[in-house]
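One structure is given here, and the rest of the page talks about it.
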Amino acid sequence: IDRRINDIIEFSELEDYIKRMRFYSVNQTMMLQRTPRMMVNFSDYLGENDNLKHFEEFLNVMGVDCELMTLKTAEDHFELFFKHKKPISFFRNASSGTLSLTNFYMRYVAIARMPSFIYMDEFDAFYHYEMAEKLVKYFKTKYPQTQVILTTHNTNLMCNQLMRPDCLFILSRDGRLTALCDATERELREGHNLEKLYIGGEFEQYE
């Protein structure tokens, strides 16, 4: 009986882990602009409690300097605006990078349950390199117990200040994954410029 109970507990934990897994791709940012219902639902969410303030603070931390406001529509919904003398529609005027951050916020930050696993394909496709660095730091602070996998072509993120060499992987043309620390005979130290080594061909045989 005890073994059956343990099996049920383990299965329940696995099921919970799977339900909290999240996947994100760059195409979902464009989907946000094509799905009015998503924009309405999110605007309604921001119109409640302190949700708008929290979202505004998130954008500010990511480097998007803005003030936001919501207004009630004739259909008794909320609509999101940049706060100016004449309010500017958020979803019609926000940059691709800001919309990508918004999509990220909707899918991860605004949900009640902490994700167990996050996979983001080309997560920084619409971001300035500084914004991409800020988002990586946000992941490390916000999700210390979550397994996070990010794919990118941005070599600026190859630095010891953001991630250890054993957490940076090269995806080769034939599909192999190799950690940076295993892609060289050199002992990688904290003072090494990993991006400079990469550009200089240090890991070329694993590309």
With a 4.5 Å cut-off on side-chain heavy-atom distances among I, L, V, M, F, W and Y, is there a chain of contacts connecting [X] to [Y]?
{"X": "Ile149", "Y": "Leu177", "result": "no"}
{"X": "Leu162", "Y": "Leu171", "result": "no"}
{"X": "Tyr129", "Y": "Met120", "result": "no"}
{"X": "Leu52", "Y": "Leu101", "result": "yes"}
{"X": "Ile88", "Y": "Met39", "result": "yes"}

Parallel, tilted or perpendicular: which describes the rings of [X] and [Y], with under 30° parallel and over 60° perpendicular?
{"X": "Tyr17", "Y": "Phe117", "answer": "tilted"}
{"X": "Tyr108", "Y": "Phe104", "answer": "tilted"}
{"X": "Phe123", "Y": "Tyr127", "answer": "perpendicular"}

Which is it for Asn103 and Phe126 under the side-chain contact (heavy atoms from CB on, under 4.5 Å) test, yes or no, and what are the steps along the way?
-> CA-CA 12 Å; Asn103 192 30; Phe126 296 107; over 6 Å; no
Atom [atom1] of [X] and atom [atom2] of [Y]: how far apart are they, to the nearest 0.5 Å?
{"X": "Phe82", "Y": "Arg92", "atom1": "CZ", "atom2": "CZ", "answer": "12.5 Å"}
{"X": "Leu180", "Y": "Asp166", "atom1": "CG", "atom2": "CG", "answer": "9.5 Å"}
{"X": "Met38", "Y": "Met106", "atom1": "CE", "atom2": "CE", "answer": "4.0 Å"}
{"X": "Thr102", "Y": "Leu80", "atom1": "OG1", "atom2": "CG", "answer": "7.5 Å"}
{"X": "Glu190", "Y": "Arg164", "atom1": "CD", "atom2": "CZ", "answer": "11.5 Å"}
{"X": "Met21", "Y": "Gln147", "atom1": "CE", "atom2": "CD", "answer": "8.0 Å"}

Working for side-chain contact (heavy atoms from CB on, under 4.5 Å), residues Tyr198 and Glu207 = CA-CA 10 Å; Tyr198 177 80; Glu207 293 180 29; 3.6 Å; yes
Closest non-hydrogen atom pair between [X] and [Y], with its separation:
{"X": "Lys140", "Y": "Gln161", "answer": "NZ-O, 4.2 Å"}
{"X": "Arg20", "Y": "Met114", "answer": "NH1-O, 2.7 Å"}
{"X": "Asn154", "Y": "Ala132", "answer": "ND2-CB, 4.0 Å"}
{"X": "Leu68", "Y": "Glu56", "answer": "N-OE1, 2.7 Å"}
{"X": "Met131", "Y": "Val64", "answer": "CE-CG2, 3.8 Å"}
{"X": "Asn160", "Y": "His192", "answer": "ND2-O, 3.2 Å"}

Counting only heavy atoms not in [X] (residues, nucleotides, ligands), do more than 12 fall under 6.0 Å from its [atom1]?
{"X": "Glu57", "atom1": "CD", "answer": "yes"}
{"X": "Arg176", "atom1": "CZ", "answer": "yes"}
{"X": "Asn93", "atom1": "CG", "answer": "yes"}

Answer yes if the side chains of Glu202 and Thr184 hold a donor-acceptor pair under 3.5 Å, and no otherwise.
-> yes
Identify which one of Phe169, Tyr206, Phe203 satisfies the side-chain contact (heavy atoms from CB on, under 4.5 Å) criterion when paired with Thr178.
-> Tyr206
Validation row: [X], [Y] side chains within 4.5 angstrom (heavy atoms):
{"X": "Asn156", "Y": "Glu195", "value": "yes"}
{"X": "Thr98", "Y": "Phe90", "value": "yes"}
{"X": "Thr146", "Y": "Ser116", "value": "no"}
{"X": "Pro165", "Y": "Leu194", "value": "yes"}
{"X": "Phe78", "Y": "Leu71", "value": "no"}
{"X": "Leu197", "Y": "Leu188", "value": "yes"}
{"X": "His77", "Y": "Glu79", "value": "no"}
{"X": "Leu150", "Y": "Leu135", "value": "no"}

Check against ring-ring contact (aromatic ring centres under 6.0 Å, His included), Phe42 and Phe55 | CA-CA 11 Å; Phe42 185 59; Phe55 177 54; 5.2 Å; yes
Examine distances only and state if a side-chain atom of His54 and a backbone atom of Asn51 form a donor-acceptor pair shorter than 3.5 Å.
-> no
